Amino acid sequence: MITVHHLENSRSQRILWLLEELGLSYTVRRHERNKATMLAPAELRRVHPLGKAPVIEDGDHVVAETGAIIEYLVEKADGRLGPPAHRADVLRYRHFLHYAEGSLMPPLFTTLVLSRVPLFGKAAIKKFRPMVDVHLDYVEAELAQRPWFAGKEITAADVMMSFPLEAAVTRAAATQGRPHIAAWLEKIHARPAYQAALKAGGPYAYA
């Protein structure tokens with residue numbers, strides 16, 4: 001049985017969604033953020049030295065990092081929701097699987113940090129916002145060409161892209177003037193597996 005160490009309002013919600021899509025059995029160990037720092041609790045370091053979520057335990061295996069977990073689960077499910085059949089789709093799959101955390105999340109996280117800086121935070125966000133818009137406009141253009149990030153069918157790349165785009169709605173007005181991002185978010189939120197993951201994970205501010 002897979003155990004998911006789940007932190008409220010975090011990247012780990014994607015893991016619950018993927019598990020539901022794949023039909024793999026799992027249990028959830030919920031963790032609450034430190035109210036003062038909003039960081040993960042120290043108890044997570046007993047699971048993995050970095051003390052962050054998501055982390056999964058599967059028998060003797062402890063797997064950290066969202067992308068690594070997603071690849072592990074896709075392999076465990078015999079490749080379901082993994083790389084598509086066509087080469088061009090495979091390349092897009094790999095791109096967005098890594099783009100989500102490697103390129104899209106860093107400016108969004110910076111925006112979050114700046115929003116908590118008194119006095120000069122708002123001014124800094126205004127100067128930083130064009131960098132975020134470049135990414136969101138790129139994503140909008142990609143979704144205008146196909147229904148899912150890798151091609152005609154949903155894949156784990158879509159699961160990976162969900163959290164940054166959900167966060168971008170509140171942090172960077174991602175859906176304003178970007179109808180394809182808005183439609184994609186509505187589509188994933190309507191999926192039964194996504195709804196089941198919300199019930200399993202508890203309150204999630206970005207749905």
Side-chain angles (χ1 to χ4, degrees), residues 9-24 54 65-111 129-198 200-201 204-207:
N9 296 326
S10 78
R11 294 165 166 84
S12 57
Q13 187 65 37
R14 290 179 290 194
I15 303 306
L16 303 182
W17 176 26
L18 180 60
L19 284 163
E20 291 290 343
E21 291 282 358
L22 296 174
L24 297 176
E65 293 295 332
T66 309
I69 295 171
I70 282 181
E71 291 188 299
Y72 177 88
L73 294 177
V74 166
E75 289 178 5
K76 189 177 180 71
D78 298 322
R80 279 181 290 141
L81 295 189
H86 299 291
R87 179 62 177 167
D89 293 347
V90 171
L91 292 175
R92 281 193 291 267
Y93 171 87
R94 288 176 179 166
H95 170 74
F96 285 108
L97 200 66
H98 295 280
Y99 169 80
E101 289 293 333
S103 294
L104 183 54
M105 271 307 297
L108 291 172
F109 181 74
T110 302
T111 300
R129 180 62 182 272
M131 297 175 61
V132 176
D133 286 338
V134 166
H135 285 284
L136 295 177
D137 291 343
Y138 164 68
V139 170
E140 174 70 9
E142 287 293 307
L143 288 175
Q145 299 177 54
R146 62 194 69 87
W148 301 99
F149 277 102
K152 295 181 180 180
E153 304 293 336
I154 185 173
T155 67
D158 294 280
V159 176
M160 195 68 181
M161 287 291 292
S162 63
F163 180 73
L165 289 180
E166 288 171 331
V169 172
T170 55
R171 298 179 192 176
T175 55
Q176 291 186 14
R178 300 183 183 94
H180 293 94
I181 290 179
W184 182 85
L185 286 169
E186 290 179 8
K187 184 166 55 177
I188 67 168
H189 291 165
R191 293 181 69 84
Y194 187 98
Q195 293 298 318
L198 288 179
Y204 180 59
Y206 301 114

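Bear in mind the structure is a predicted one, so any value in this text is a computation, not a measurement.
Of the N and O atoms on the side chains of Y204 and E166, at least one donor lies less than 3.5 Å from an acceptor on the other residue. With 3.5 Å as the limit, one finds a donor-acceptor pair spanning the side chains of E21 and W17.
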Give the intermediate values and the outcome of side-chain contact (heavy atoms from CB on, under 4.5 Å) for residues L136 and L165.
CA-CA 8 Å; L136 295 177; L165 289 180; 4.1 Å; yes
Would Y206 and V169 count as a side-chain contact (heavy atoms from CB on, under 4.5 Å) here? Give the steps.
CA-CA 8 Å; Y206 301 114; V169 172; over 6 Å; no
Begin with the C-alpha distance, continue with both residues' side-chain angles, and end with the deciding distance and a verdict on side-chain contact (heavy atoms from CB on, under 4.5 Å) for R92 and D89.
CA-CA 5 Å; R92 281 193 291 267; D89 293 347; 2.3 Å; yes
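A donor-acceptor contact shorter than 3.5 Å links the side chain of N9 to the backbone of A205. For K187 (side chain) and P147 (main-chain N/O), a donor-acceptor pair under 3.5 Å exists by modelled atom type. Without hydrogens or angle criteria, E142 side chain to F149 main chain gives no donor-acceptor distance under 3.5 Å.
Rounding to the nearest 0.5 Å places CG of L73 at 5.0 Å from CG of L19. Between the CE atom in M161 and the CG atom in L185 there is a gap of 9.5 Å [rounded to 0.5 Å]. For the atom pair CZ (R171) and OG1 (T111), the distance works out to 8.0 Å, reported to the nearest 0.5 Å. The structure places OG of S162 at 5.5 Å from CH2 of W184, a figure rounded to the nearest 0.5 Å. To the nearest 0.5 Å, atoms CD1 (I15) and CG (L24) are separated by 11.5 Å.
The two residues T155 and G82 have their closest heavy-atom pair at CG2-O, 3.8 Å. In plain terms, the two heavy atoms of W148 and K152 that are nearest each other are CD1-O, 3.3 Å. Taking every heavy atom of both residues into account, A174 and I181 meet most closely at O-CD1, 4.0 Å. Residues A156 and Y93 approach most closely at CB-OH, 3.7 Å, considering heavy atoms. The two residues L108 and P164 make their nearest non-hydrogen contact at CD1-O, 3.3 Å. Between P54 and I69, the shortest heavy-atom distance links the atoms O-CD1, 3.5 Å.
Counting only heavy atoms from C-beta outward, the side chains of R191 and I154 approach each other to under 4.5 Å. Proximity of D133 to E140: side-chain heavy atoms (C-beta onward) are nowhere separated by under 4.5 Å. Considering only heavy atoms from C-beta on, V139 stays 4.5 Å or farther from R178 through its side chain. Put simply, the side chain of L104 does not reach to within 4.5 Å of the side chain of F163, judged on heavy atoms.
Heavy-atom contacts from other residues, nucleotides or ligands closer than 6.0 Å to CD of E153 number 12 or fewer.
Identified under the side-chain hydrogen bond (donor to acceptor under 3.5 Å, both in side chains) test for residues 94-109, with sequence neighbours left out: R11-E101, R14-E101, H95-Y138, Y99-H135.
For H86, the ring-ring contact (aromatic ring centres under 6.0 Å, His included) criterion is met by no residue, not counting sequence neighbours.
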